[in-house]
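What follows is one structure encoded as structure tokens, with my remarks underneath.
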Amino acid sequence: MTQEQWSAVDSYLTDHVVGTDPVLDAALKASADAGLPAINVAPNQGKLLHLLAVIHGARRVLEIGTLGGYSAIWLARALPAGGRLISLEADPDYAEVARSNIVRAGLTDVVEIRTGAALDTLPKLADEGTDPFDLVFIDADKSNNPHYFDWALRLTRRGSVIIVDNVVRGGAVIDATSDEPSVIGTRRLFEQISTEPRVDATAVQTVGSKGYDGFLLATVTAEV
Ligand code: SAH
Ligand code: DHB
Ligand code: MG
């Protein structure tokens, strides 16, 4: 199996069940034009996030790692009237690109992008006494995944959903000797979840236009 084949199959799947959307296409073009790395979720993955939010009836979503706002648009479009998505982004230039993509998407009343390192902005969110989030999408610097998962638990409720992107990274996750901070962070996250009584989780490997990776899906089973 080759990357070419995974991409061709992704194109086929996306053509049939995802389709194209001028606003999402424009968000990716504006992101590329501004020099952002193309590390957004793939269209069919964005649609998966969207459908999970719809199925869950999410009203409040927290995203850690905005980039150009591509996954934020997918998730925000899943929310009912009055729904809210807060997305955290460390890079102010990326956040500006995302804001303008959100404006083009007509989602300014739904999406709020907060700039700053997430480990600084998460405590502020908690201090504000923000209502619990129904769904959290963790997709920032993988070295901090254990901390982000802790924060996700603090900012959710029983029944909330937590999704973590990029937990396989070409299979690197099983390399116990890796000195890559992203691998170490994700392995710590798995160790943490293996003994965490407040969540019920699974993780799934994926292939496609974004290569060989995977995501983790958890639901909060206890009041936190
Ligand atoms: N969710 C996006 C992709 C996010 S890429 C999508 O699928 O469309 C990861 C993002 O996390 C990058 O934009 C990066 O700048 C941001 N990031 C990295 N470290 C961070 C930190 N400490 N706090 C917040 N965001 C961070
Ligand atoms: C990277 C980050 C992501 O969130 C992703 O989906 C793919 C790659 C990265 O930092 O390389
Ligand atoms: Mg990602």
Side-chain angles (χ1 to χ4, degrees), residues 3 6 10 18 21 23-32 34-50 52-53 61-78 85-102 105 107 111-125 135-152 162-173 180-186 189 203-217:
Q3 178 60 55
W6 297 339
D10 251 3
V18 181
D21 178 278
V23 165
L24 287 163
D25 291 347
L28 288 184
K29 185 176 186 311
S31 299
L36 272 57
I39 56 176
N40 49 274
V41 293
N44 49 349
Q45 296 171 335
K47 181 84 179 271
L48 176 65
L49 293 172
H50 173 92
L52 288 169
V61 173
L62 173 66
E63 175 178 73
I64 309 178
T66 318
L67 192 66
Y70 184 75
S71 53
I73 294 172
W74 273 115
L75 283 164
R77 284 178 166 181
L85 181 145
I86 296 180
S87 188
L88 311 179
E89 173 54 50
D91 188 308
D93 295 332
Y94 292 4
E96 266 322 300
V97 174
R99 285 191 189 101
S100 100
N101 285 333
I102 294 301
L107 290 166
V111 178
E112 180 191 347
I113 296 161
R114 298 194 176 191
T115 310
L119 289 181
D120 295 330
T121 51
L122 286 162
K124 281 182 203 152
L125 256 182
L135 188 154
V136 181
F137 178 47
I138 300 175
D139 190 21
D141 49 328
K142 318 306 174 195
S143 56
N144 279 318
N145 272 344
H147 301 299
Y148 295 151
F149 200 84
D150 280 339
W151 277 107
I162 303 171
I163 302 163
V164 187
D165 196 23
N166 312 117
V167 297
V168 173
R169 292 308 270 274
V173 68
E180 252 189 72
S182 60
V183 174
I184 294 168
T186 299
L189 173 65
V204 171
Q205 303 180 69
T206 57
V207 292
S209 60
K210 297 286 165 172
Y212 167 36
D213 214 321
F215 62 87
L216 180 140
L217 176 71

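Each ligand, and each atom within it, is numbered from 1 in the order the structure gives.
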>> Treating Thr206 as the side-chain partner and Asp213 as the backbone partner, does any N or O pair qualify as donor plus acceptor under 3.5 Å?
In response: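 Between the backbone of Asp213 and the side chain of Thr206 there is a qualifying donor-acceptor contact (under 3.5 Å).
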> Checking Gln3 side chain against Gly208 main chain: does a donor-acceptor pair fall under 3.5 Å?
Replying inline: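 Side chain of Gln3 to backbone of Gly208: a pair is present.
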Which atoms of ligand 1 have any heavy atom of [X] under 4.0 Å away?
{"X": "Ala117", "result": "23 (N)"}
{"X": "Tyr94", "result": "13 (O), 15 (O)"}
{"X": "Tyr148", "result": "21 (C), 22 (N), 23 (N)"}
{"X": "Glu63", "result": "1 (N)"}
{"X": "Asn40", "result": "6 (C), 7 (O), 8 (O)"}
{"X": "Val41", "result": "6 (C), 7 (O)"}

Just let me know how [X] lines up against ligand 1, side chain, backbone, both or neither, with a heavy-atom cut-off below 4.0 Å.
{"X": "Asp165", "value": "neither"}
{"X": "Tyr70", "value": "both"}
{"X": "Trp74", "value": "neither"}

> Of all the atoms in Ser71, is at least one N, O or S atom closer to the Mg ion (ligand 3) than 2.8 Å?
Replying inline: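 Within the cut-off used here (under 2.8 Å), Ser71 places no N, O or S atom near the Mg ion (ligand 3).
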> the Mg ion (ligand 3) to Asp139: any N/O/S contact under 2.8 Å?
Replying inline: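 Coordinating: yes.
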Within the structure provided, determine whether [X] and [Y] are in side-chain contact (heavy-atom separation under 4.5 Å).
{"X": "Leu122", "Y": "His147", "value": "no"}
{"X": "Trp151", "Y": "Leu62", "value": "no"}
{"X": "Asn166", "Y": "Asp139", "value": "yes"}
{"X": "Lys142", "Y": "Arg169", "value": "yes"}

Any N/O of [X] closer than 3.5 Å to an N/O of ligand 1?
{"X": "Ala90", "result": "yes"}
{"X": "Glu89", "result": "yes"}
{"X": "Asn144", "result": "no"}
{"X": "Ile39", "result": "no"}
{"X": "Gly65", "result": "yes"}

> Can you name the residues that form a side-chain contact (heavy atoms from CB on, under 4.5 Å) with Leu36, not counting sequence neighbours?
Replying inline: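 Checked Leu36 against side-chain contact (heavy atoms from CB on, under 4.5 Å); matches are Ser31, Ala34, Leu67, Tyr94, Val97.
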>> Among residues at least two apart in sequence or on other chains, which ones pass side-chain contact (heavy atoms from CB on, under 4.5 Å) with Asp141?
In response: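 Asp141 satisfies side-chain contact (heavy atoms from CB on, under 4.5 Å) with Ser143, Asn144, Tyr148 only.
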>> Please give me the minimum heavy-atom distance between Thr115 and Asp91, naming the atom from each residue.
In response: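 In terms of heavy atoms, the two residues are closest at CG2-C, 4.4 Å.
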> Taking only residues two or more places apart in sequence, or in another chain, which ones meet His50 in a ring-ring contact (aromatic ring centres under 6.0 Å, His included)?
Replying inline: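 Residues passing ring-ring contact (aromatic ring centres under 6.0 Å, His included) with His50: Trp74.
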>> As a test of reading the model: which residues have a non-hydrogen atom less than 4.0 Å away from ligand 2?
In response: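 Protein residues near ligand 2 are Ile39, Asp139, Lys142, Asp165, Asn166, Arg169.
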> Charged N to carboxylate O below 4.0 Å: is that the case for Arg77 and Asp21?
Replying inline: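 Yes.
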> Among Thr121, Asp141, Ile64, whose heavy atom sits nearest atom 19 (N) of ligand 1?
Replying inline: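 Answer by nearest heavy atom: Asp141.
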>> Looking only at protein heavy atoms, which one is nearest to atom 3 (C) of ligand 1, and what is the separation?
In response: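 That would be Asp139 OD2, 3.3 Å.
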